[in-house]
Every structure is written in C-alpha cells, then in structure tokens.
K.L.:
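The structure that follows is given in the form of structure tokens.
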Amino acid sequence: METTWDLTPLFPGLESPEFQAAWDGVGKRIHQLKELVEGEASLGEVLATLDALTEEATPLWAYLYARFSADTGDEAALAKLSELEVLFLDFARIRPRLTRYLALQDPEEAGPYRILVEEAKEEALHMMPEGEEVLAAELSLSGRQAWAKLHENLTSQITAVVDGEELPLTKVRNLYFRPEEEVRRKAYQAELKAWEAHQVPLAYALNGVKGEASVLNRRRGYREDLEPSLHKNRITKKALSALLEAVRESLPLFRRYYLLKAKALGKERLDWWDLFAPIGKGRRWTLEEARDFIREKLATLVPQAAEVAEAAFRERWMDLLPRKGKVGGAYCMPRGGGKSLILANYEESFESVSTLAHELGHAYHNFALAQVPASLREVPMTLAETASIMNETLVVEAALKEASPEEGLLILDAYLQGAAQVVVDIYSRFLFESWVFTRRKARELSPREFKELMLKAQQEAYGEALASHHPYMWAVKGHYYGADFYNYPYTFGLLFGLAVYQEAKEDPGFAERYGELLASSGMYRAKELAARHGFDLESPAFWQKGLKVLADRVEEYERRL
C-alpha cells in the first residue's frame, strides 16, 4: 500500500504552467471582486466571482500547505505559501467593502446564499470605518499574528531535562502516556520547571493577543468578548448556555470515570500526570487492517462514507506515516472537487485507527459539501466535527464488540480519556479565558495571575477527582494565542456529533438524511440547521442525548475493570 499522497492531480510542480495559471487566476478574481463591489454589479455577479475565487484558491492552499507540512524543510513551498498569504491580504483589504455591499442586499433575493447576506447585515453593525478595518487587518500581521508566532516558535524550542536527558517538550508530554507512574511524574515536574523558565515572554504574548482582541471588540461595539465567537460559530447565546448547563450537570459522571481510573491505577485520586496513563493492553494494527476495518464498519451505517474512505486510500489522498521533517498530529483539508488531503502519523495502534477514521469523516463532509456553491462550504467549527465524530464513534463501538478484554479496556479508556478532555478540560479552558478577558480590560496580567486563574478553572471543572493540577496549561495550548474562545466549539462538536449518531442508530431513515445535513452545514445557522432535523440546540435535553452515549461508556468501563 502506498503511504504517501499523490499531489500531481493538483499541480505537477511549483514551476508548472498549471500552477502559474491558478495563481494568476486567484489574483485576477480578487481584482475582479474589488471592481464589482465598488461598481454597480448585481448580487449574482458578485457571488459568482466569490465562488470562482474560492474554487481556484482551494487547490492552491491545499497543495502548498500539504507540501510544507509533509516536509517542513521545503523552502520553496514555504516561500510560496507566504506569498499566497500576502496575495490574500488584498482580499482582506476589500472584505469590509464586500461586507457592506452584501449588507445592502435583500436576503429574499439571495436564494441559497441568504445566510451570507444575513450575516453581513449583522457584521456591518459591528464594523469600524473602512479605513480602520483595513488598518486592523494589516496590523494583525505585526500584532496578534506576531504574538501567536512567538508562542509557536518559542514553545517549539523549549526543552526539559528528564533523568539527565534533555528532551523537547513534545517528547516530554508524550511520556504521560507511559505505563510507569514514576516516568509520568518526572515528566510532569520537568515540564512545569521548563514552563516556569519561559513564563514571562508567554505571559506578554497572551496579554498582547487578548488585549488587541478586547480593544477591537469594544471599537466594534460588541457588548462582551464572547459575542464575536458566537457569531463566527453561528450559534445563539442561549444554545451555548444550554450546552454549558448540560456540561456542568455531567461533571459528576466524568469525575466518576476519573475515580474509577485512579482505582485501576491503585490510587485514591488521579494526579495530573495520570490523566493519559494507559489502562489495558493493545495489539498491533497494520495499515491494511485499518483500511479494511474502517471501510467495513462505516458501511454498516453510512455506506457513502465508506466509499469516500476507500477512494482516499486508492487514490492516495493521504500521507500516512511519521518521518523526520513532517509535522505531528493529523488533519484533513479540502483540495477541491469533493476530494481531500489527509495528513496522519500512523502508528500500529487502535488509537491511530480511530484518528484515521476521524479524519476520513472530515473527508466525507468535504465530499458532501461539494454539492453546494463554493462560498457556502465554509462550516463553523461547531458543526465541522459532525462527520468525524460519527466515523470515530462507529469504529470505536465496533472495535469494543470484537476486541479482547485487555484491548477493549485500552480502547474504552482512550475513548473516555479523549471525551473527558473535550468536555471537562475544555470547560476549564472556557472558564479561564472568560476570566482573562474580564480582567484584561483593566490591565495586563502577570504570570502568577494566569497560573492562579488556570488552577481555579481546573479545580472547578475536575473537582475532587484530581489531587494535582497543571498551572501552565495557558502556556501549553496554542489555541489561546491564535483565536478567541476556540475551546467550546470542540465540546459542541463532540456532543452534537454523538446526538446525531444516536439519532441515526434509533431512526434508520435518519442515516439517509445525514448526507443532506452535512451538505447544508454551511448554509444555515446552527439552530436553524438543527431544527430542520428535529433538534433543539437551546434545550439542555438535546445535549444530554450526546452525553448519554458517554454515560453508557462509563458504565461499560466500570463493568470491564
């Protein structure tokens, strides 16, 4: 089986006529769009040009980022990626005018593009004068984005000493997955010491990011710093409140899981370094086994998702194995034509099988979105995890039925550990960021204050289940620096995806409507999209439907221990 992706269907190379034609096309479309919104163009002309720009830009972004992420030493791809960012700065400059143009249109005449007009009307209410918006976009490169790059570059170079060996922090944090508690504990102590040595520049970076956001939010007339995030994620404050209410009610369930895990490890309560400790033992999963297993299990409920997964393997959409110079983790991005590119770092474990199924869910979502116009394929984070959660849950549940007792325990613990991170730990991150924004309005915060707020948030979320905490998680998580309130959409996505999964299991007819839900996920606000399928996002009962799946898994965990 080929394990590297084939990028030639996108472009033969950076110097190829095809690449140059696409590059010129994007520049031409941006210029054309500028002329249209400044002139007397019809809404149809503007939307058609916006669609064409998105269609032409998608393969360019995909090709360049794929080349860079598969080989960070690819200087030519990195340079061209930077040039593309500069080219799109021209688009960022006309965004305010485009927004005002759309805001003046009649939503009734926009057809399927109605949401773009409605959102532009809302956004126009919170726009500064055009010159100030353009200035803010240009200054963001040396403001917020520079602070985010400082965090990224600085943290990638930090090392810690464990048992006399100097290790990068990524390797130190990987030691939390080791079965020996002494190894995990030493990793935790070394990590905290390393963060302490770099806390001052990181605190300045976080103050800079949140300070800039707070100033712009006030200038744009937002009542609270959370408001732009709700708009971006297409959800109501009431829906978020219902989600958070359900999360708070579920905390005892997750504390029960943590106490069960502590007991399995021979402890009364977990320490922070125990959260990722393995319980049970797994077997090797070859890539061939992963391919067959994923395809077979997806086909039981979502046959088309299984077909997309098979196409991804057959047509080499994926770069699968770890190697030097390749970025860590996993991602899926659209490349155009309903196809995707998936980067993974597959190791022969079930966790890698689950991750691959997750990313292939995103690929199925991209396949479904190809049915709609290009500018309606931008899905908010809150809805972007729906297909990936469905895929992952299907594969995990199938594996639990077939695995040996020891491997079943390992799979179940890893699944609950991930879900607990998305519900419990992300709740702590939401609390922390909310408190930081409130205080940052008055002045900068010191590293000590960031640590105190982080510990307070963790204690509120984890409760009596933990004997120790991590005061530097504000330094660990790059999300705080790259965006605001990047946290809760993950919880939303997990529980929404699980509720959809539960519905698909209970109602055979729903599986057929599932593809339509994914295809239209960029065309409606979350509340409206959910209502079309019988879901009420503003009711805690809806979120409890997703949490019920997790409660059943905790029951099963207790039985297996």
Side-chain angles (χ1 to χ4, degrees), residues 5-14 16-34 36 46-70 74 76-92 94-95 98 112-113 115-116 232 308 311-312 315-319 327 330-344 359-381 383-388 518-523:
W5 47 33
D6 179 13
L7 300 180
T8 53
L10 286 170
F11 302 104
L14 290 175
S16 67
E18 294 90 338
F19 183 88
Q20 192 57 49
W23 188 277
D24 293 343
V26 165
K28 180 183 167 188
R29 294 294 183 191
I30 293 174
H31 179 71
Q32 188 180 356
L33 193 60
K34 182 174 185 287
L36 289 172
V46 170
L47 293 172
T49 305
L50 195 58
D51 281 338
L53 172 60
T54 305
E55 290 279 19
E56 290 180 5
T58 296
L60 278 176
W61 286 111
Y63 179 73
L64 292 173
Y65 189 72
R67 278 191 47 167
F68 165 70
S69 57
D74 187 342
L78 182 58
K80 212 66 183 171
L81 190 59
S82 179
E83 284 181 45
L84 189 58
E85 289 171 349
V86 172
L87 180 61
F88 263 81
L89 194 54
D90 286 339
F91 179 66
I94 63 170
R95 259 323 270 271
L98 175 61
Y113 299 88
I115 191 167
L116 299 186
K232 185 179 178 184
V308 169
E315 298 175 16
R316 293 176 58 193
W317 301 0
M318 301 191 283
D319 195 299
V327 300
Y331 69 70
C332 174
M333 62 180 170
R335 70 183 225 195
K339 298 183 178 184
S340 298
L341 289 176
I342 292 172
L343 179 138
E359 299 306 331
L360 286 164
H362 286 302
Y364 176 53
H365 200 158
N366 292 335
F367 170 81
L369 285 165
Q371 301 172 35
V372 302
S375 51
L376 297 177
R377 293 177 200 154
E378 192 171 330
V379 179
M381 264 185 68
L383 300 172
E385 296 296 315
T386 308
S388 51
L518 297 178
S520 57
S521 54
M523 296 173 67

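What you see below is based on every heavy atom in this structure, not just the backbone, and it leaves out hydrogens, waters and symmetry mates.
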K.L.:
Quick one: list whatever passes side-chain hydrogen bond (donor to acceptor under 3.5 Å, both in side chains) with Gln20, sequence neighbours left out.
P.N.:
Asp24
K.L.:
Could you list the residues that satisfy side-chain hydrogen bond (donor to acceptor under 3.5 Å, both in side chains) with Glu359, not counting sequence neighbours?
P.N.:
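Glu359: no side-chain hydrogen bond (donor to acceptor under 3.5 Å, both in side chains) contacts found.
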K.L.:
Do the side chains of Leu47 and Leu116 get nearer than 4.5 Å, heavy atoms only?
P.N.:
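Of all side-chain heavy-atom pairs linking Leu47 with Leu116, at least one is under 4.5 Å.
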K.L.:
For Tyr113 versus Ser375, what's the shortest heavy-atom pair and its separation?
P.N.:
CE2-OG, 3.4 Å
K.L.:
Quick one: closest heavy-atom pair of Ser521 and Leu369, and the distance?
P.N.:
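Taking Ser521 first and Leu369 second, the nearest heavy atoms are OG-CD2, 3.9 Å.
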K.L.:
Applying ring-ring contact (aromatic ring centres under 6.0 Å, His included), can you list everything that pairs with Trp61, at least two apart in sequence or on another chain?
P.N.:
Phe88
K.L.:
Give a yes or no on whether Glu18 atom CD has more than 12 heavy-atom contacts from other residues, nucleotides or ligands under 6.0 Å away.
P.N.:
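Yes - once you tally the heavy atoms of other residues, nucleotides and ligands closer than 6.0 Å, there are more than 12.
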K.L.:
Might you point out which heavy atoms bring Lys34 and Ile94 nearest each other, and give the distance in Å?
P.N.:
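So the two residues come closest at CG-CG2, 3.7 Å.
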K.L.:
Any donor-acceptor pair under 3.5 Å linking the side chain of Arg377 with the backbone of Val372?
P.N.:
yes
K.L.:
How long is the gap from CZ on Arg67 to CZ on Phe11, to the nearest 0.5 Å?
P.N.:
11.5 Å
K.L.:
With side chains defined as the heavy atoms from C-beta onward, is the minimum distance between Phe91 and Leu50 less than 4.5 Å?
P.N.:
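A side-chain contact under 4.5 Å exists here.
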K.L.:
Hey, is the main chain of Phe19 close enough, under 3.5 Å, to the side chain of Ser16 for a donor-acceptor pair?
P.N.:
yes
K.L.:
Which residues pass the side-chain hydrogen bond (donor to acceptor under 3.5 Å, both in side chains) test with Ser69, not counting sequence neighbours?
P.N.:
Tyr331
K.L.:
Please find the pair of heavy atoms, one from Val379 and one from Ala384, that lie closest to each other, and give the distance.
P.N.:
CG1-N, 3.8 Å
K.L.:
List the atom pairs, with distances to 0.1 Å, where a side-chain N or O of residues 76-87 and a protein N or O form a donor-acceptor pair under 3.5 Å, not counting sequence neighbours.
P.N.:
unit_1: Lys80; atom_1: NZ; unit_2: Glu83; atom_2: OE1; d: 3.3

K.L.:
What residues, two or more places apart in sequence or in another chain, satisfy side-chain contact (heavy atoms from CB on, under 4.5 Å) together with Pro380?
P.N.:
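Scan of Pro380 (side-chain contact (heavy atoms from CB on, under 4.5 Å), adjacent residues dropped) gives Asn233, Arg234, Thr382, Leu383.
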K.L.:
Which atoms form the tightest heavy-atom contact between Glu55 and Ala374, and what is the distance?
P.N.:
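In this case the closest contact between Glu55 and Ala374 is CG-CB, 3.7 Å.
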K.L.:
Would you give the length of the straight line joining atom CD of Gln371 to atom CG of Leu376, rounded to the nearest 0.5 angstrom?
P.N.:
12.5 Å
K.L.:
Let me confirm one number: the CE-CD1 distance from Met523 to Ile115, rounded to the nearest 0.5 Å.
P.N.:
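Answer rounded to 0.5 Å: 9.0 Å.
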K.L.:
Under the rule for side-chain contact (heavy atoms from CB on, under 4.5 Å), what residues qualify as partners of Ser340, not counting sequence neighbours?
P.N.:
Trp317, Cys332, Ala363, Asn366
K.L.:
Could you tell me which residues satisfy salt bridge (charged side-chain N to carboxylate O under 4.0 Å, His left out) with Lys232, sequence neighbours excluded, listed by chain and number?
P.N.:
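Result, salt bridge (charged side-chain N to carboxylate O under 4.0 Å, His left out) vs Lys232: none returned.
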K.L.:
Let me confirm one number: the CG-NZ distance from Leu33 to Lys28, rounded to the nearest 0.5 Å.
P.N.:
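The CG atom of Leu33 sits 13.5 Å away from the NZ atom of Lys28.
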K.L.:
Does Ile30 form a side chain to side chain contact (heavy atoms under 4.5 Å, CB included) with Leu53? I'd like the steps, not just the answer.
P.N.:
CA-CA 7 Å; Ile30 293 174; Leu53 172 60; 3.8 Å; yes
K.L.:
Distance from Arg335 atom CZ to Ile342 atom CD1, nearest 0.5 Å?
P.N.:
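So the gap between those two atoms works out to 10.5 Å.
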K.L.:
Please name all residues satisfying salt bridge (charged side-chain N to carboxylate O under 4.0 Å, His left out) with Asp90, sequence neighbours left out, ordered by chain then number.
P.N.:
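Per chain and number, Asp90 pairs via salt bridge (charged side-chain N to carboxylate O under 4.0 Å, His left out) with Arg93.
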K.L.:
What's the shortest heavy-atom distance between Ala368 and Ala519, and which atoms?
P.N.:
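That closest heavy-atom pairing would be O-CB, 3.4 Å.
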K.L.:
Could you tell me whether Lys339 and Glu315 make a salt bridge, using a distance below 4.0 angstrom between a side-chain N and a carboxylate O?
P.N.:
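A salt bridge is present here (some side-chain N lies under 4.0 Å from a carboxylate O).
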K.L.:
Could you tell me which residues satisfy salt bridge (charged side-chain N to carboxylate O under 4.0 Å, His left out) with Asp51, sequence neighbours excluded, listed by chain and number?
P.N.:
none
K.L.:
Can you tell me if Tyr63 has over 12 outside heavy atoms packed within less than 6.0 Å of its OH?
P.N.:
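Yes, OH of Tyr63 has more than 12 neighbouring heavy atoms, counting only those of other groups under 6.0 Å.
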K.L.:
Decide side chain to side chain contact (heavy atoms under 4.5 Å, CB included) for Leu7 and Leu341; before the verdict, give the C-alpha distance in whole Å, the side-chain angles of both, and the deciding distance to 0.1 Å.
P.N.:
CA-CA 9 Å; Leu7 300 180; Leu341 289 176; 3.8 Å; yes
K.L.:
Could you tell me which residues satisfy ring-ring contact (aromatic ring centres under 6.0 Å, His included) with Phe68, sequence neighbours excluded, listed by chain and number?
P.N.:
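Not a single residue meets the ring-ring contact (aromatic ring centres under 6.0 Å, His included) criterion with Phe68.
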K.L.:
Quick one: list whatever passes salt bridge (charged side-chain N to carboxylate O under 4.0 Å, His left out) with Arg316, sequence neighbours left out.
P.N.:
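None.
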K.L.:
Going by heavy atoms in the side chains, are Ser388 and His365 under 4.5 Å from each other?
P.N.:
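Not in contact.
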